[in-house]
Amino acid sequence: MEFQKAGIKCISIDWGRVEIAGTVTPKQIQKVGINLLSYGLELLDKKKNILVERIKNVIINIIHHSDTRLKINFSDYLGEKLCRDYTYLANVFSEVEGTTIEQFIILHKIQLVKQLINYDELNLTEISWKLHYSSVAHLSTQFKKVTGITPSQFKQLTSQNKIELENV
């Protein structure tokens with residue numbers, strides 16, 4: 001719809017990709033970009049930015065939407081999934097994002113650990129298994145490095161906040 005408003009004829013739209021017919025002016029691209037921002041979307045036109053978004057999507061999918069344990073390490077999985085050498089992927093990711101793929105993975109895993117602790121349906125052993133940690137100790141060490149507190153302390157804090165909210 002936003003492409004049509006800018007006078008751009010779309011041939012197909014599929015999962016974050018748009019194929020257009022004819023030539024497009026920089027003004028049309030700028031107009032579409034501004035319109036998409038109002039929906040919380042971003043127009044990516046550089047190959048490296050597109051590749052980084054693909055890397056992020058693969059990582060988020062495997063962390064947040066998959067219960068399957070990887071039989072290969074994450075770097076090999078990313079390389080296979082995106083048909084690129086992992087070193088190239090890692091270099092492009094670091095250049096565009098200013099952080100490593102590993103740090104991105106860790107931050108997303110810790111974010112999910114926090115959510116799972118808040119849901120209070122799984123214990124730490126189950127959470128560590130679900131997120132492919134080698135042990136609860138490894139999860140706890142990584143959690144503390146990122147947040148500054150242990151998972152147990154986080155659980156206490158969130159429990160106290162829930163009790164306080166219930167009293168309001």
Side-chain angles (χ1 to χ4, degrees), residues 1-119 121 127 130-133 139 142-143 145-149 154 157-158 161-162 165 168:
M1 182 74 134
E2 298 306 322
F3 289 91
Q4 291 169 343
K5 287 180 188 176
I8 299 171
K9 183 178 178 191
C10 294
I11 296 171
S12 68
I13 300 175
D14 183 41
W15 286 99
R17 291 179 183 231
V18 178
E19 187 178 350
I20 57 173
T23 57
V24 180
T25 67
K27 279 195 179 245
Q28 287 174 309
I29 291 172
Q30 183 181 17
K31 184 175 181 181
V32 169
I34 290 168
N35 291 345
L36 289 175
L37 283 174
S38 68
Y39 296 102
L41 300 172
E42 182 180 356
L43 187 61
L44 298 176
D45 59 351
K46 294 180 182 174
K47 288 182 179 183
K48 287 183 179 180
N49 289 345
I50 293 168
L51 180 58
V52 167
E53 287 305 310
R54 290 181 64 207
I55 293 168
K56 287 178 177 180
N57 287 335
V58 169
I59 291 168
I60 290 167
N61 263 340
I62 200 71
I63 290 173
H64 291 274
H65 306 294
S66 176
D67 287 331
T68 308
R69 279 195 171 285
L70 288 178
K71 292 182 175 32
I72 58 175
N73 65 35
F74 219 100
S75 57
D76 291 338
Y77 179 78
L78 272 175
E80 282 181 20
K81 194 79 172 161
L82 298 173
C83 302
R84 301 282 178 115
D85 176 64
Y86 178 77
T87 303
Y88 175 74
L89 295 174
N91 288 336
V92 168
F93 191 91
S94 295
E95 177 186 326
V96 171
E97 289 296 306
T99 189
T100 65
I101 289 175
E102 182 182 13
Q103 278 304 114
F104 184 82
I105 291 168
I106 290 168
L107 291 175
H108 274 272
K109 286 174 89 172
I110 297 304
Q111 178 184 0
L112 185 54
V113 169
K114 288 178 182 179
Q115 290 173 359
L116 293 171
I117 288 171
N118 278 330
Y119 295 154
E121 293 174 3
I127 292 171
K130 179 177 177 61
L131 295 179
H132 316 294
Y133 281 97
L139 179 152
Q142 207 169 68
F143 190 95
K145 262 187 201 172
V146 171
T147 65
I149 59 175
F154 179 80
L157 287 172
T158 56
N161 288 340
K162 286 177 189 174
L165 285 174
V168 174

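Hydrogens, waters and symmetry mates are skipped; everything else that's a heavy atom, side chains included, is used.
Here E97 contributes atom CD and N49 contributes atom CG; the two are 8.0 Å apart, rounded to the nearest 0.5 Å. A distance of 9.5 Å separates CD1 in I50 from CZ in R54, rounded to the nearest 0.5 Å. Atom-to-atom distance recorded for T158:OG1 and Q115:CD is 12.5 Å, nearest 0.5 angstrom. In this structure, I59 CD1 and K109 NZ are separated by 11.0 Å, a value rounded to the nearest 0.5 Å.
Residues that satisfy the side-chain contact (heavy atoms from CB on, under 4.5 Å) test with K114, not counting sequence neighbours, are I110, F143, T147, F154. Taking Y86 as the reference, nothing meets the ring pair (Phe, Tyr, Trp, His ring centres under 6.0 Å) condition, with sequence neighbours excluded. E95 pairs by the side chain to side chain donor-acceptor pair (under 3.5 Å) definition with K48, not counting sequence neighbours. Scanning for side chain to side chain donor-acceptor pair (under 3.5 Å) contacts around T100 gives an empty result, with sequence neighbours left out. L107 pairs by the side-chain contact (heavy atoms from CB on, under 4.5 Å) definition with V146, not counting sequence neighbours. Evaluation of the side chain to side chain donor-acceptor pair (under 3.5 Å) rule for Q28 yields T25 as partners, not counting sequence neighbours. With sequence neighbours excluded, the residues that form a side-chain contact (heavy atoms from CB on, under 4.5 Å) with N61 are H65. With sequence neighbours excluded, the residues satisfying side-chain contact (heavy atoms from CB on, under 4.5 Å) with T87 are D85, N91. Under the salt bridge (charged side-chain N to carboxylate O under 4.0 Å, His left out) criterion, E102 pairs with no residue at all, not counting sequence neighbours. For K81, the side chain to side chain donor-acceptor pair (under 3.5 Å) test picks out no residue, with sequence neighbours left out.
With L89 as the fixed residue, the side chain to side chain contact (heavy atoms under 4.5 Å, CB included) test singles out one of L51, V58, V52: L51.
Between I63 and L112, the shortest heavy-atom distance links the atoms O-CD2, 3.3 Å. Residues L139 and I127 come closest through the heavy atom pair CD1-CG2, 3.8 Å.
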For this session: Start with the C-alpha gap between I106 and Q142, add the side-chain angles, then the distance that decides, and say whether side-chain contact (heavy atoms from CB on, under 4.5 Å) holds.
Result: CA-CA 8 Å; I106 290 168; Q142 207 169 68; 3.5 Å; yes
For this session: Before giving the answer on side-chain contact (heavy atoms from CB on, under 4.5 Å), spell out for I62 and F74 the whole-Å C-alpha distance, their side-chain angles and the decisive distance to 0.1 Å.
Result: CA-CA 10 Å; I62 200 71; F74 219 100; 2.9 Å; yes
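Note on ring orientation: taking the six-membered ring where Trp is involved, the planes of H108 and F104 are tilted (angle from 30° to 60°).
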